[in-house]
Every structure is written in C-alpha cells, then in structure tokens.
Amino acid sequence: MPNLRFMTLARHIIEGERMHPEATGELSALLSDLSLAAKVISLEVNKAGLVDILGFTGDNNIHGEQVKKLDMFAHDMMFRAMDHGGHLCVMGSEEEEDIIHIPPKFKIGKYVLLFDPLDGSSNIDANISIGTIFSIYKRVTPEDTPGTLEDCLQQGLKQVAAGYVIYGSSTIFVYTAGHGAHGFTLDPSFGEFLLSHENIKTPKKSKLYSINEGNYLYWHPGLKKYIKYLQEEDKATERPYSSRYIGSMVADIHRNLLYGGIFMYPADSRHHKGKLRLMYECNPMAFIVEAAGGRASDGKTRILELQPKELHERTPIFIGSEEDVKKVEEFMAKEKSEITIESKK
Ligand code: AFP
C-alpha cells in the first residue's frame, strides 16, 4: 500500500480502473474532469466573501427559488468542464429544466451525468458549508446518437459512480465507483486532492439525528413518535440522541457519514413528496451512503430502487446509519394513518 499522503485522487481513480481489465478509461477521465470542475468551484466559493459575487441575480430557477450568482457559476463550470471530453451523451442539472445536450461539435460518449452544481446555496452568505453532487450512469439508448431523457431516468442502482464535493473548512471530494466510498482533501498549496478518508465505513447505529423540526406539525404520526422516541432517556439504546441540522444536505450527510447519524427530509402534509430531488440529491447520496455500509429509503422503499418518472421529481428520504433508518421505517409502518395537519388548539 503506497503512502496515503501521496495517494492523489487521479492515481486512486486509475488504480481503481486497473481492477477492471475491461475498462476503457472513460469513467476515469470523467471523474478527473469532475475533480477539475470541483477545484475551480472551490476556488470561487472561497473567494465569495472577498469579491462582489454574493447576492441574488434576480432570476428564479425552475423550482421558483431565487438563484445566486455562485449557483450559476457552478452550473456553467460543470457544463464547461464536462461537455467536450467525448465521454458523455447527455447531462442534467438541478439548475436547468430540460436535459442538456452535448454541443454538436464534440464527440458523443456512452455516459450520462446528472448534477446539483451547488447544493445548500441559500447558506452561502453565512459561510456555511455547501456542496456539489454528481451521479454517473451508462446510457441505455444506442451509441453515437444524442442522449435522451430515457438515459437520464434510470433507477439509482444503475449508477456506475456518484460523489459529492463539500466546500467547508477544507474542500473534500468523496466518490464511489461501486467499491467503497473514499474521501480526498484538497491541498490548496499544490491544488491536488489527497486521500484522507480511505474506504469510509459509516457506523451501523448512531446517536445523532438531523431533521428540520420546524415542520413537526405537518409530519406523519409515525415520524412524530420516532423523534419523541429518540428524545427519551434509555441508556441501553444510547438515548436521548443529539440533534444536528445544518440545512445543507451535503454538510449534514458528510458529518453523519463520518460519525454516524440519520438524516431525514420527510414528506409532510404540505409537501407530499418532500423537498429533495431524487436524481440530483437522493440517488447519488444513497449510492455513496450504501457504499459506506449505510441505508437510504423513502420510508418504505430503498431510494436506489425508485423508478424515476421526471428529471426533477422529489422524494422523501431517510438516510444514514442502517439501524436508525430501519427504526424510523418501523415506526412509520406501525402508523397506518395518512399524514394529517394537527388541529390548532
Ligand atoms: P438550498 O439549496 O435552497 O439552500 O436548499 C438546500 C436543500 O436542498 C438541502 O441541501 C437541505 O438539506 C434542505 O434543502 C434544507 O431544507 P429546509 O430549509 O427546508 O430544512
């Protein structure tokens, strides 16, 4: 085993590829291009407090949310880093309503890339960690033709690789190509991602939960009972749990992945499909968390088995330490009643 300090992301990707003699090197090239985009976005995020880049553009994205300049910068950077390599046939971005075609002047490849260029961007002004999330699939339509929506709407279990980049106290690139989840910290002095978290194993059970408790009134009764259960005292099961919620999915899931924890963004009586997007947030995160030994479901069904119908569809999600996710599923299964709004006293 080489000295970990000198295991760069590029080398790790190439060594991973050697485990697959049939590999053409295209996936490795894609991951390398993604790491370049991550470095440029990281630089810009770090400069955000210094240059006049903060603030709203005044435009809304397709979800009706106000878009900040950095979201658009990250979206453009991802597109420009990935459009010309000849490995992709189509892309999809959380910031763009339709699928994104590869410009006709470039070669068309066999992979599909879906990404959320800057998740948690409402936190930028407060210097809170934010992230880029990506997901890679093999195309299902015939080669050498432009990719289609059908290539994008695949079940999460068909992902060949997924990852996220967290821009925090340091920039960390976490990815899985199906064999474990690995994290690389950007060394700003020479601009390389170096292996810092080899083969991450998330604890099977945790003492930590992450959910927006401001939505309590609107939750499923089983979820209400589960959260109360976590708050009760019981030494044998290490309760009460601690609550940690940043409101930036990449940051919340990264912390829970390392220390153990359950992150939840449920459906509620106001939002029947929750808030988070299946293709851009939930599938890639589920793929990584499962690669680290965790679990992810919508409360009943494994996230990776959900059949997507729309590019921007949302899903409830319960993700993290396996035993904790199973426990919330049990609580919700016990309560047959549908989500109802509690009457005001
Ligand atoms: P923004 O990108 O608008 O900041 O949303 C972030 C996010 O999609 C995800 O990263 C958070 O976990 C979640 O929304 C927070 O949502 P609430 O503010 O409703 O808790």
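Indexing begins at 1, ligand by ligand and atom by atom, following the structure's order. Keep in mind it's a predicted model, so treat the numbers as computed, not measured. All heavy atoms count here, side chains included; hydrogens, waters and symmetry mates do not.
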N/O to N/O below 3.5 Å, does that happen between Ser121 and ligand 1? yes
Check: Asn123 N/O within less than 3.5 Å of ligand 1 N/O: no
Identify whether the distance between the nearest side-chain nitrogen and carboxylate oxygen of Glu143 and Lys110 falls below 4.0 Å. no
Are any of the heavy atoms in Asp252 under 4.0 Å away from ligand 1? no
Check the side chains of Asn256 and Ser210 for a donor-acceptor pair under 3.5 angstrom, ignoring hydrogens and angles. yes
Axial cation check for Tyr167 ring with Lys47, 6.0 Å and 45° limits: no
Close-contact set for ligand 1 against Glu281 heavy atoms, below 4.0 Å: 8 (O)
Out of Lys275, His271, Glu94, who is nearest to atom 14 (O) of ligand 1 when you count heavy atoms only? Lys275
Polar contact flag for Met249 and ligand 1 (N/O pairs, less than 3.5 Å): yes
Using a 4.0 Å heavy-atom threshold (strictly under), name the region of Phe263 that reaches ligand 1: side chain, backbone, both or neither. side chain
Does any N or O of ligand 1 fall below 3.5 Å from an N or O anywhere on Gly120, backbone included? yes
Report, in ascending order of atom number, the atoms of ligand 1 lying under 4.0 Å from any heavy atom of Asp119. 8 (O), 9 (C), 10 (O)
Give the numbers and elements of all ligand 1 atoms closer than 4.0 Å to a heavy atom of Asn212. 17 (P), 19 (O), 20 (O)
Parallel, tilted or perpendicular: ring planes of Tyr175 versus His182, cut at 30 and 60 degrees: tilted
Cationic N near anionic O, under 4.0 Å, Asp252 to Arg255: yes
Taking the six-membered ring for Trp and the single ring otherwise, decide whether the centroids of Phe193 and Phe173 are under 6.0 Å apart. yes
Close N or O approach (Arg277, ligand 1; < 3.5 Å): no
Salt-bridge present (Glu290, Arg302; N to O < 4.0 Å): yes
Give the atoms of ligand 1, by number and element, whose distance to some non-hydrogen atom of Tyr245 is under 4.0 Å. 15 (C), 16 (O), 17 (P), 20 (O)
Given side-chain hydrogen bond (donor to acceptor under 3.5 Å, both in side chains), test Ser135 with Gln159 step by step and report yes or no. CA-CA 7 Å; Ser135 190; Gln159 289 170 102; 2.6 Å; yes
